[in-house]
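Report on one structure; see the data block that follows.
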Amino acid sequence: MREGTVTLVRREDYVAPAYRIRSVELCFDLEPAKTLVSSKLAIERNPQAAPQPLRLHGEGLTLLRVLANGESVSFRHEDGQLVIDHPPADDSFTLEIRNSCCPEKNTELSGLYTSGSGFFTQCEAEGFRRITYFLDRPDVMAVYTVTLRADKAKYPVLLSNGNLVEQGELPGGRHFAKWHDPFPKPSYLFALVAADLVAREQKIRTRSGKEHLLQVFVRRGDLDKTEHAMNSLVASVVWDEARFKLPLDLERFMIVAVEDFNMGAMENKGLNIFNTKFVLASPATATDVDFFGVESVVAHEYFHNWTGNRITCRDWFQLSLKEGLTVYRDQEFSMDMSGGASARAVRRIEDVRQLRAAQFPEDAGPMAHPVRPDSYAEINNFYTATVYDKGAEVVRMMATLVGHEGFASGMSLYFERHDGQAVTCDDFAQAIADANPGSALSVRLDAFKRWYAQAGTPTVTARGTYDAESRRYTLTLEQFCGPSPGQPFKFPFVIPVAMGLVAQDGSSLPLQLAGEEAPGGTSRVLVLEHPQQQWVFENVDAAPVPSLLRGFSAPVNLDDGLSDAERMVLLAHDSDAFNRWESAQKLALSRLCAAAQGLGPAALDAPLVEALRTVLRHPALDASFKELVLQLPSEGYVAEQLPVVDPQRVHEVREAMRAQLAEQLHADWIEAFERNATSEAYAPTVAQAGKRALVNMALSMLCLQSQRSGDPVWPGRAYQRFKDATNMTERLGALSALVESHAGLAEPALSRFHELFKDDALVLDKWFALQARAPELDGRVFARVKALLKHPDFSLRNPNRARSLLFSLTMFNPAAFHRADAAGYVFWADRVMDIDAMNPQLAARLARVMDRWRKLAEPYRGAAREAIARVAAKPDLSGDVREIVTRALAEDEANANAQAAAAQ
Ligand code: BES
Ligand code: ZN
C-alpha cells in the first residue's frame, strides 16, 4: 500500500503499556444531547517502562476537567490523545476526568449512542475512547464500578457489567443504579444500557450448585419472541460446562437487544448487547435460518466469556485468538445441538460454503491478510472472514491433529496458564501443543503456525496410481500457495488431509500404509507438510477412488483430478457425507465453469441429471442434505473459479441449468413437495427445517417451470400457501418462489406481506432483501432496488435495513449489480459515500463488495475501477473506507508496474 495515504499500525511495533489502570469509577449523567461522564482512574506506572508522558485515547469528546491526585495538572491534546507530560511521580496515582459526549448525534454506532428511545454502547474495538479518555487497548485491564443516572420514566432500566450493588431515586424524576464488575477487563468489554425494556428471566443451577440469573431484555411487546434466545443461552451454558468444563462465572448474565447495531452481537462481560436480528424469533416472524442464527450467535457471545473475556487479546493483531477460537466453539456447539451424523454434516457443509463464499475470495483479493495480520490502518476493517472463519479452521486443524480429548486438555492448559491475562495466538497454539507432547501438532508446531502468518489459500493437488501386480495404491499430494500482498513467497503449510479409499462398488476399504503390519480402520489423517509427499497403501484389490479432505479437514482448494465416473461413485457411496455433497458440487461446477467460458454447453448432461434425481428420490437421505446437493454452486462461487468473469454470462448459464433441473426433474420436485410436508407443530429442529427447505426449493423449481410453460397451477398454489402459511419459513418460501420466478402473483403477494408486517422491522428487512435478491430479468430487479431506496420504510441509518437492500443487491445478486451500462457501480459508489458520512464501519463493509473487480471482464472492469476511483477521490472520506479503496486500487498499481516491468 502507498504510504502517506493511510497510516498503518504494525504488529511488530507492539510495546507493553507504560501505565496500567487497576480500577475505574465511572459516573454517567445520561441525556441524549449531552451526557456527562466523570471517571476516576487508579493508575500505576509500569516499572519496566521508561518514564514518559501519560497518553490517553479520546475521540470526539469535550473535556471539562482533569485532576491528578486531586490537584489540577497541565495537559495538552496531540494526535487525538490527551497528553499529561508530568503526571505525579509516585508509582500509583489517581486521575479524575470529566467530559461530555453527544449520544444522539452518534450515527457511527460506536461508543455511547441512542437507538429508539434508549442509550446503548458498543466499545469493541476502539469505541470506549468515544465515551471517555482512557488507555483504550485490550492489554490494560481494570475493575469497573459504574453509576448511571437518568430520567426514571424514560429509562426505567439501567444496566452495566457485573452485579447491581445499589439503586435508588434522585430528585427531578431521575434515578440511579450502581454496578460493580469484579473481573478486571479491557475497556472494549465495557457496556451500559439505559432504556425502557422488559426482561425474560430464568434461574439456572450450574454443576457446582451455584444459582445464576439469566435475563433477556427487549422492548415491551417483544417478550414473546425471546424464548428461543433464552433456551439457546441455557443450552450454551450447559454445553460449555460439559464439553470444556467451563462454568458460568457470573451471578447474573444479561442479553439486551437493540435495533441499531453495526454487527451481530457483542460479548461485553455479563451484559451482551445484541442486534435484534439475533435475539427475536417467533415462528410467525422468523425463518428456520433465523432461529439457527439466534442459537449460534447467543452461543458465540456466551462462549466469549471464557475465550475472549477471561483470557483476552494482547493487541488487536491477536483478534483471531478470541474470534477464531470462539467461532470454532460455536460451530462445534451447533453441530452437537443438531443431533445425528447427517445433521452434523449439513452444518459442516454450511460452514464450508460460508468460508468459500467469503474467505476464499478475500484471501485471493486486495484485502488478503494472514489470520494474525501484520498491519492495519483501521482495526474495524479486520473483523474479517479470514480472522473469523479461517481462524476457526486453524483451530479445527489443531483439534484434528491432537484429537478430541487432546484438544480438551489443551484448552484446560490454556486456561491454567493464562486465565486473567491478555495473550497472543502463539500462547494458544503453545498450550494446545504442550498438552499433547509427541502429537502430530507438537512435532511440527513452528511449521503449523504458518497458518497464522501466511495469507492465501493453498491448493493441494492429488494424484493416485494403482499397481495391480503389487496391489499397491500410491497417493501423491502436492501443495502450492500463490503470492499475496506483501508475501511473494510462501513456506509449505502443515495440512491435515482426512481421507479414505472407496471401492468401485462403494464399500470403504481398510487402510494399510506401507510399513504397517495390518490394516487399521477405513479413514486416516495424512499430514502433508512438504511441497510434495507420497503415501503407499498396500493390499488394495482393485483401483480405488480416493475420498480426500473428508469433512473439509483443511482450508485449501483441492484438485483431486478425479473423473466424472469416480465422482459419481463418491456421490452415491462415500461414507463421508461432506464428500458426497462435494462430489455433486464439483460435477456441477465443472459444467458451469466450462459453459461460462464458452467451452461447453449451458446444460447438464444426462448422467449428472440422473445422479441428482437419484439423490432427490433417495429413500434414506435427509431432506436437508438433498436440498444442499440439489443447489447449484452460487454465481459468486463460480466466478471465483474463473480467471476472467463475465457476471452476466455466469448468470445466464446457471439460470439455464436451473431451468433444466426444473424441467427435467419436474415430477420429482412434485413428489419432493408432497412427501416432505411437515404436520408436527413448528419447531426449529434440523429435521423439520430440512424438510421445509426442500419443500421451498421444490416450490421454487415448480414455479420456475411454470414461468416457462405458462401453466398457472404452481404459482396459484404458491400464492395459496403464502396466504395460509402458519410460519415465516413457509410464508417467505412461497413468496420467494413467486418473486424469483417473476410470477404475476408476486405483486399482490408482496403488498399483502408488507401490509401484514409493516410494523415488524426484522420482517420488513426480509421484504426488502427478497426483492433485491430476485434473479435479474431485463433490469427489472435493479430498477426496483433503486425505487425501494425511496420507499418510506427505507433508511440508510439503520444498518439492518441498509444491508437488507444494498448488501442483498451488491453481494448476493451479481447479475442485477454488474451491469454493462455501469449503473450498478455508480449506484454503489453513491451509497458508499452517503453511508460513509454517517457510519464509516458500515460504509467500509459495503465498499468491500468491489474487492474482486480486477477479475471482471470488460466493460465491467473499467467501469468498476472508475467507480472505486471516484470514491477514493472524495476528500473527506473516512479512514475506514479509504483503507478499502486504497487497497483495491493499489493492487492494480502493483500489477500495472509489474506488467510495465515485464514489457520492458
Ligand atoms: N466481538 C464481536 C463483535 C464485534 C465485532 C464488535 C467487531 C465490534 C467490532 C462478536 O463476538 C462477534 O464476533 N459477532 C459476530 C457474530 C458471530 C456469531 C460470528 C458478528 O457480530 O457478526
Ligand atoms: Zn466474536
Side-chain angles (χ1 to χ4, degrees), residues 108-113 120-131 136 138 185-191 229 232-233 236 240 255-258 260-279 289-313 316-334 337 347 350-351 354-355 358-359 371 373 376 378-393 395 799-800 803 807 839-842 844-845 848 880:
E108 296 178 36
L109 311 183
S110 158
L112 175 64
Y113 63 93
F120 301 85
T121 55
Q122 171 55 42
C123 292
E124 187 177 3
E126 296 178 338
F128 193 75
R129 63 188 64 183
R130 296 164 52 81
I131 298 176
D136 191 13
K185 63 169 177 287
S187 50
Y188 83 86
L189 291 174
F190 165 81
S232 302
L233 180 56
S236 306
D240 216 12
I255 287 179
V256 177
V258 60
D260 298 288
F261 199 73
N262 278 341
M263 302 288 295
M266 176 64 208
E267 71 266 24
N268 317 299
K269 185 83 186 180
L271 180 55
N272 289 1
I273 298 184
F274 272 60
N275 188 322
T276 44
K277 180 173 165 56
F278 295 110
V279 175
V289 172
D290 296 327
F291 273 88
F292 289 126
V294 169
E295 181 183 88
S296 80
V297 179
V298 166
H300 178 98
E301 305 312 335
Y302 174 74
F303 296 154
H304 268 316
N305 190 47
W306 283 94
T307 52
N309 301 5
R310 287 288 288 254
I311 303 184
T312 194
C313 303
W316 292 119
F317 297 103
Q318 318 300 326
L319 182 58
S320 198
L321 172 81
K322 73 176 178 82
E323 294 302 348
L325 176 55
T326 304
V327 169
Y328 168 76
R329 278 153 52 69
D330 83 52
Q331 290 177 347
E332 287 293 293
F333 166 78
S334 293
M337 291 294 285
R347 284 289 160 89
E350 281 164 353
D351 291 338
Q354 159 72 17
L355 181 82
Q359 200 279 325
V371 168
Y376 58 76
E378 178 48 68
I379 183 56
N380 287 321
N381 285 333
F382 284 79
Y383 285 75
T384 58
T386 299
V387 166
Y388 275 67
D389 301 334
K390 188 177 180 180
E393 293 301 316
V395 174
N800 288 355
R803 281 187 282 256
F807 289 41
N839 187 337
Q841 263 186 63
L842 186 65
R845 297 260 158 187
R848 289 215 44 201
D880 303 58

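In this chain, numbering begins with 1 at the start of the sequence shown. Numbering of ligands and ligand atoms starts at 1, following listing order.
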Discussion item. Under the rule for side chain to side chain donor-acceptor pair (under 3.5 Å), what residues qualify as partners of Tyr388, not counting sequence neighbours?
Written reply: Glu323
Worksheet item: Taking the Zn ion (ligand 2) as the vertex, what is the angle from OE1 of Glu323 to NE2 of His304, given to 10 degrees?
Response: 100°
Worksheet entry | Residue contacts for ligand 1, heavy atom to ligand atom, distance under 4.0 Å | Gln122, Glu124, Met263, Gly264, Ala265, Met266, Glu267, Val297, His300, Glu301, His304, Lys322, Glu323, Tyr383, Tyr388
Practice prompt. Go through the side-chain N and O atoms of His300 and Thr326 and say whether any donor and acceptor fall under 3.5 Å apart.
Written response: no
Item to complete: Would you tell me whether Asn800 and Asn275 have side-chain atoms, one donor and one acceptor, within less than 3.5 Å of each other?
Response: yes
Discussion item. Is it true that Glu126 and Tyr188 share a donor-acceptor pair across their side chains at a distance under 3.5 Å?
Written reply: no
Fill in: Results of side chain to side chain donor-acceptor pair (under 3.5 Å) for Arg347 - residues two or more places apart only
none
Practice prompt. Go through the structure and list residues passing side chain to side chain donor-acceptor pair (under 3.5 Å) with Asn262, not counting sequence neighbours.
Written response: Asn839
